[in-house]
Amino acid sequence: MKNLKLDVLGLGTCNADFLMNVSRFSGTDDEVDIEKLRVSLGGSAANFVVRVSRRGLNSGIIARIGRIILESISLPNLKRKKLTQKG
């Protein structure tokens with residue numbers, strides 16, 4: 001990728017969001033079972049470049065990402081959303 005042409009370049013966070021469904025809110029010293037867990041791509045820069053990419057702009061991101069999040073969540077999601085990747 002010598003001449004990478006981007007319309008938008010995001011610089012910031014790229015992390016994982018953990019979204020959980022529970023039957024009720026817990027009280028003090030209480031536990032509640034998780035009914036459903038969804039892990040998805042998150043972070044302000046990642047969310048922004050995904051949104052502008054959906055509007056047809058060639059988008060990329062510069063972010064520092066932990067290895068586990070990178071391998072299991074971030075890169076697969078960015079590839080699926082057709083964002084430019086390098087490095």
Side-chain angles (χ1 to χ4, degrees):
M1 287 191 227
K2 284 184 183 179
N3 296 321
L4 186 60
K5 177 94 170 139
L6 296 175
D7 299 312
V8 175
L9 178 64
L11 173 63
T13 61
C14 182
N15 51 39
D17 289 339
F18 295 86
L19 307 169
M20 295 167 252
N21 289 14
V22 294
S23 60
R24 61 183 173 80
F25 289 108
S26 65
T28 305
D29 296 325
D30 190 13
E31 293 182 8
V32 176
D33 291 332
I34 296 170
E35 296 174 348
K36 183 178 178 182
L37 171 65
R38 194 178 103 205
V39 182
S40 65
L41 180 66
S44 57
N47 290 338
F48 175 74
V49 296
V50 166
R51 295 293 189 274
V52 297
S53 176
R54 288 181 181 161
R55 296 196 175 263
L57 296 173
N58 189 15
S59 307
I61 185 170
I62 296 175
R64 187 171 190 176
I65 306 171
R67 187 179 66 85
I68 293 171
I69 291 175
L70 174 73
E71 292 174 354
S72 60
I73 300 166
S74 297
L75 282 182
N77 272 283
L78 292 172
K79 286 179 184 175
R80 196 167 40 255
K81 294 173 190 329
K82 298 180 182 172
L83 289 165
T84 301
Q85 300 170 22
K86 185 176 181 181

Would you name the heavy atoms of Ala45 and Gly10 that are closest together and state the gap between them?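 Nearest heavy atoms, Ala45 then Gly10: CB-C, 4.5 Å.
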Please name all residues satisfying side chain to side chain contact (heavy atoms under 4.5 Å, CB included) with [X], sequence neighbours left out, ordered by chain then number.
X: Ala63; answer: Cys14, Ile61, Ile65
X: Leu11; answer: Ile62
X: Asp7; answer: Leu57, Asn58

Is Leu19 reachable from Val22 through a run of hydrophobic residues whose side-chain heavy atoms are each under 4.5 Å from the next?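 Val22 does not cluster with Leu19.
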When you compare the side chain of Phe18 with that of Leu37, does any pair of heavy atoms fall below 4.5 Å?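 They are in contact (side-chain heavy atoms under 4.5 Å apart), so the answer is yes.
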Kindly state each residue pair satisfying salt bridge (Lys or Arg N to Asp or Glu O under 4.0 Å) with at least one member in residues 26-40, sequence neighbours excluded.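 Non-adjacent pairs meeting salt bridge (Lys or Arg N to Asp or Glu O under 4.0 Å): Arg24-Asp30.
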Atom pair OG (Ser59) and CG (Leu6), whose distance is rounded to the nearest 0.5 Å: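 Between Ser59 OG and Leu6 CG, I get 7.5 Å after rounding to 0.5 Å.
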